[in-house]
Structure formats: structure tokens, C-alpha cells
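Here is the structure we will look at.
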Amino acid sequence: MFNNKKMIALFFFVGLVSTDASYASGIEDLQLIQILKDDVNDFDGLGNPRSVKVISDNSKVFVSSGDDNALAVFNLDENFQLTFSQVFKNTATNINGLEGASGVTYFDLGNEIVVTGFYDGALTKFSRNNNSYRFNQFISDGLSYERVFDSNVPIGKLDSLGLLGAWDIVKANNEKQLFVASYMSNAISILDVMEDKKVIFNRVIKDAKPLSNDLGKPIAIALSPLNNELYVLGFDGHQLTIYDRDPSGDLLAKQVLKNDIAGLKQFINPQEIVVSPNGKFLYVACAGSNSIVVFHKLDTGQFTFLQAINNSDIGGSGLEGASSLAISSDGLKIYAAGESGSGLYLFSVKADGRLSYKNKLVNVHDDELNGISSITLTDDNRHLLVATGKSNSLFVFKIKIH
């Protein structure tokens, strides 16, 4: 489980290509710190990286691997250098739930890591013991891949946890609840975190009645900054479901937004959502329309369509399969990418919440930024981590502002 695996380390600046001369004085540079590649120099655990999380104190990085069926753990030093620590795989003895590892989150200052397994229909928890982690908990209905994905026989009551096709996971600010979006269950699973850090199943949400009978096959989920709203993206249903959440954690369906209804356009196969720090704007990457769709919150509390950005707004191509977003903690910048496209795209956010395309990064030295599967900004906005699914790589940048 432990070794001295090596990483490729490079140090130089790459300037984002400006599209606005007036913005040139404010163009940010990205200093490439490292490129981590799966199966290079014996490195392992980055086969099709799906989700990347950095502990708020910049001490550790967690990466889920969809093809390695793994969770990889890295240590960070004061220079934001990543060193390999551990990798957990489904092939290891007594490790379960990581087949098609997708979402990842942490709580208790990084002492607990939780990973969702898309093909295992599971949630797996790892706990820190001194300076390392170990497998701690496994939650699943135990249904096989063949039963869930290959059979035409309805699952019915066998799906009691709502974790089949578990894709995305988020935690409440108080770290007392976890929310999982599960595609095959067509559900949101809510789990409670107990005082001893054990995760306990609470309930499943499968509809937004009386507004909608289902969730449109969800694969992404987010909470408002105050945790008083829950946002669910239905990939197949081209829909956004919004719940009000009270202090006790109860949910009440408030709004359902669907493509081609009430003027909403380009909202096809929504795959990733980020929320502005003030909770007034939602930004959604839509893989089916190669678009970023923006919603604005009205005084009534309802959201309305505000803007759609697509390839025609960024030079003609690049956002194909739009699926990754990251927003700065001040809400003034958004990074975006499409997993079927090429390049990392930077947008500034105007006072009214609209996006303005600024620049892009397509190549880093001899490496192309193709097939980006995840974009992660650190809480201090000083570092950016970009995962490329098809290239099995993780690019680590330091952000410098002129």
C-alpha cells in the first residue's frame, strides 16, 4: 500500500491566451507545478480521474479513479508539491465499493474520506489512523453490475438505499449529512454522520412532487452557501430540481426547471453545477448542448434562465461535452471545460451574474489539455488542479495574478 512512487515535476509559466486586449493587464498566469500521470514511473491510481478534492488546509489531495476503481491519496507540502501516499483499489483484500469510483468528499478535517462507486452502487469510507488511511465502512444494497446495468427486470424494492449508479456526493456545512446523486436509482440518497463519524442511511428522495414525478436520472448535486437549498441535475431528463432545506434537514420541492420550458434553452444533459457565493446564481455545464447555462435567483426565491454560453462564444469549439466547472470563492471567476473538447476556459463573472469569456489554455508544454474530467480550485484560490480522464493525468498549477 505504501511506496515511494514518483511524479513528473515541471516548473514554468503558461499564460492564458487573451481574447480581450483591455484585459491583458489583468491576465492571470498559471505556473505548472506538476503533471502526475498514471502508470508513469510506477505511479498508480489515476486511471480516468473523476473527482479531486483538496483539504481546506492544503495538506492532502484525494482523487477518485473510474478506471483503476480506486481512491488515491497525496500529501501536500508548503510549496503545494504533491507526494504519493496511498492507493486503495477494489482488487485489494477487504476493499469494496470502488468499482467505477466517481464522487469523493471528506469531513472531520480530512480524517474521514467518502467515495461513491458508480458500478458498485456503493458508498465507501476510509478513516485516518495516525499518518495513513484504512478502509472503514461500506454501504451498498449488494446488487451486481449485471443485475443493475444488464438486466431488463425492474430492481424494485431491492434498491433500498438509492445508491445504484452513485455518481456525485456533497456534504452539509455542519458535516452532519451527506447527499448522493445516483443515476440508476434515479434518486438522491441522504445519509447522516454520527458523533463517532459512522455514516448511517437516512432516506431516499425519488421525486419532487407535486412538481415532478422523478428526478430525471441525477448525476450531480450541490448545496447553497447557507445549505438552505439543494440543487439536483437530472442528466436524462434535462432538468434542474430545487428543494428548500430547513435547519432540521427536511426537504420541500420548490422548483423544477426543464429544457424547452419557460424559455429555457441549451439545457441538455446537465452534468455539473456550481453556485455563486451569494447564492444568487447557478452555473451549469451541459454536456449535450456543449453549453454553460446560467440561472438568476429572483426576489420571489425562484430561479430563472439568464444566459447560455456555447462554442460560438469562445471561438467555435472546445466546450464539447461540457462537464467541468470551478468557481472562485469570491464568485468573480469560473473555469470550465468539456470532456469531449479541448482546453481549459476562463470566464469573468459580471455584477449581474453573466459570464464573459476571457481566455483559454489548450497546451501545457508538450501536453494537450484534452478530455478534462475535473477542475478543482483550492479554497484560497491559489492553486488549480485539472484532471484529464482519457489521458489519465492530473495537472497542478499555481495561480499568479499580474
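All figures in this text were calculated on a predicted structure; none of them were measured in a lab. No hydrogens, no waters, no symmetry mates; every other heavy atom, side chains included, goes into these values.
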Task: Evaluation steps, side chain to side chain donor-acceptor pair (under 3.5 Å), between Lys125 and Asn136 - done: CA-CA 6 Å; Lys125 185 165 76 73; Asn136 177 269; 2.8 Å; yes

TODO: Test Ser329 against Asn381 for side chain to side chain donor-acceptor pair (under 3.5 Å), laying out the working first.
DONE: CA-CA 7 Å; Ser329 59; Asn381 297 313; 2.5 Å; yes

TODO: Test side chain to side chain contact (heavy atoms under 4.5 Å, CB included) on Val256 and Ser212 and set out the steps.
DONE: CA-CA 7 Å; Val256 175; Ser212 177; 4.0 Å; yes

TODO: Assess whether side chain to side chain contact (heavy atoms under 4.5 Å, CB included) is satisfied between Val52 and Val61, documenting all intermediate values.
DONE: CA-CA 7 Å; Val52 179; Val61 176; 3.8 Å; yes

TODO: Check the pair Ser289 / Gln266 against side chain to side chain donor-acceptor pair (under 3.5 Å), numbers first and verdict last.
DONE: CA-CA 5 Å; Ser289 54; Gln266 302 186 50; 5.2 Å; no

TODO: In sequence, state the C-alpha distance, the side-chain angles, and the governing distance for Phe118 and Trp167, and then conclude on ring-ring contact (aromatic ring centres under 6.0 Å, His included).
DONE: CA-CA 6 Å; Phe118 181 77; Trp167 186 256; 5.4 Å; yes

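Listed for the Ser102 side chain is no donor-acceptor partner under 3.5 Å among the backbone atoms of Asp168. Side chain of Asn363 to backbone of His365: no donor-acceptor contact under 3.5 angstrom is found. Side chain of Ser393 to main chain of Ser391: a donor-acceptor pair is present (N/O by atom type, distance under 3.5 Å, no hydrogens or angles). In this structure a side-chain-to-backbone donor-acceptor pair under 3.5 Å is present from Glu320 to Gly318. At distances below 3.5 Å, not a single donor-acceptor pair connects side-chain atoms of Ser59 with backbone N or O atoms of Asp57. Not a single donor-acceptor pair under 3.5 Å links the side chain of Ser182 to the backbone N or O of Asn186. When atom types are taken as modelled, the side chain of Asp68 and the backbone of Ser65 share no donor-acceptor pair closer than 3.5 angstrom. Under a 3.5 Å cut-off, the side chain of Ser323 and the backbone N or O of Gly338 do not form any donor-acceptor pair. Listed for the Ser224 side chain is a donor-acceptor partner under 3.5 Å among the backbone atoms of Asn228. Within the 3.5 Å criterion, the main-chain N or O of Asn213 finds no donor-acceptor partner in the side chain of Asp207.
Remark: Glu229 does not engage Arg245 in a salt bridge, criterion side-chain N to carboxylate O under 4.0 Å. By the 4.0 Å N-to-carboxylate-O rule, Lys37 lies close enough to Asp367 to be salt-bridged with it. Under 4.0 Å is where a charged nitrogen must lie from a carboxylate oxygen, and between Lys198 and Asp196 no such pair does. Ion pairing between Lys89 and Asp44 holds under the 4.0 Å rule for side-chain N and carboxylate O. The existence of a salt bridge linking Asp159 and Lys206 is confirmed by a sub-4.0 Å separation between a basic side-chain nitrogen and an acidic carboxylate oxygen. A salt bridge between Arg128 and Glu112 is absent, with no side-chain N of the basic residue lying under 4.0 Å from a carboxylate O of the acidic one. Here Lys254 pairs with Asp244 in a salt bridge; the nearest charged N to carboxylate O distance falls below 4.0 Å. Ion pairing between Arg50 and Glu339 holds under the 4.0 Å rule for side-chain N and carboxylate O.
The closest side-chain heavy-atom distance from Lys171 to Tyr106 is below 4.5 Å. Residues Gln302 and Lys297 have side chains not in contact (no heavy-atom distance under 4.5 Å, counting atoms from C-beta outward). Using a 4.5 Å heavy-atom threshold, the side chains of Val114 and Ile169 count as touching. Using a 4.5 Å heavy-atom cutoff, the side chains of Phe126 and Val115 are in contact. Between Val294 and Arg354, the closest side-chain pair of non-hydrogen atoms is not below 4.5 Å. Proximity of Leu384 to Leu30: side-chain heavy atoms (C-beta onward) are separated by under 4.5 Å at one or more points. Contact annotation: the side chain of Leu394 approaches that of Leu385 to within less than 4.5 Å [non-hydrogen atoms, C-beta and beyond]. Put simply, the side chain of Asn359 does not reach to within 4.5 Å of the side chain of Phe347, judged on heavy atoms.
The shortest non-hydrogen separation linking Gly249 to Arg203 is O-NH2, 3.0 Å. Here the closest non-hydrogen pair linking Ala70 and Ala101 is O-CB, 3.6 Å. Taking all atoms of both residues into account, the shortest heavy-atom contact from Thr388 to Ser373 is C-OG, 3.9 Å. In terms of heavy-atom proximity, Gln271 sits nearest to Ala220 at O-CB, 3.3 Å. The shortest non-hydrogen separation linking Pro49 to Ala387 is CG-CB, 3.7 Å. Ser374 and Ser324 get closest at one heavy-atom pair: N-OG, 3.3 Å.
The number of heavy atoms from other shown groups lying within 6.0 Å of CG (Asn94) does not exceed 12.
Taking the six-membered ring for Trp, Phe267 and His238 have ring centres at least 6.0 Å apart. Taking the six-membered ring where the residue is Trp, the centroids of Tyr231 and Phe179 are separated by 6.0 Å or more.
For the atom pair OG1 (Thr378) and CG (Leu76), the distance works out to 9.5 Å, reported to the nearest 0.5 Å. Atoms CD1 and OH, from Ile219 and Tyr183 in turn, are 8.0 Å apart once rounded to the nearest 0.5 Å. Taken from OG in Ser85 to CZ in Phe62, the straight-line distance is 9.0 Å, to the nearest 0.5 Å. Note that the OG atom of Ser291 and the CG atom of Asn311 stand 8.0 Å from one another [nearest 0.5 Å]. Rounded to the nearest 0.5 Å, atoms OG (Ser127) and OH (Tyr133) are 9.0 Å apart. Between the CG atom in Leu82 and the CD1 atom in Ile33 there is a gap of 8.5 Å [rounded to 0.5 Å].
In this model, no donor atom of one side chain and acceptor atom of the other lie less than 3.5 Å apart for Ser56 and Asp379. Side-chain atoms of Asp120 and Asn69 include no donor-acceptor pair closer than 3.5 Å. Side-chain polar atoms of Ser64 and Ser51 form no donor-acceptor pair below 3.5 angstrom. For the 3.5 Å distance criterion, the side chains of Gln177 and Asp192 qualify, holding a donor opposite an acceptor. Side-chain contact of Asn370 with Glu368: a donor-acceptor pair under 3.5 Å is present, judged by distance alone. With hydrogens and angles left out, the side-chain atoms of Gln239 and Asn259 include no donor and acceptor closer than 3.5 Å. If you check the side chains of Asn392 and Asn48, you find no donor sitting under 3.5 Å from an acceptor.
Ring geometry for Tyr283 versus Phe281: interplanar angle of 30 to 60°, hence tilted. Ring geometry, Tyr345 versus Tyr357: the interplanar angle falls from 30° to 60°, so the pair is classed tilted. Relative ring orientation between Phe138 and Phe135 is described as tilted, the plane-to-plane angle lying within the 30° to 60° band.
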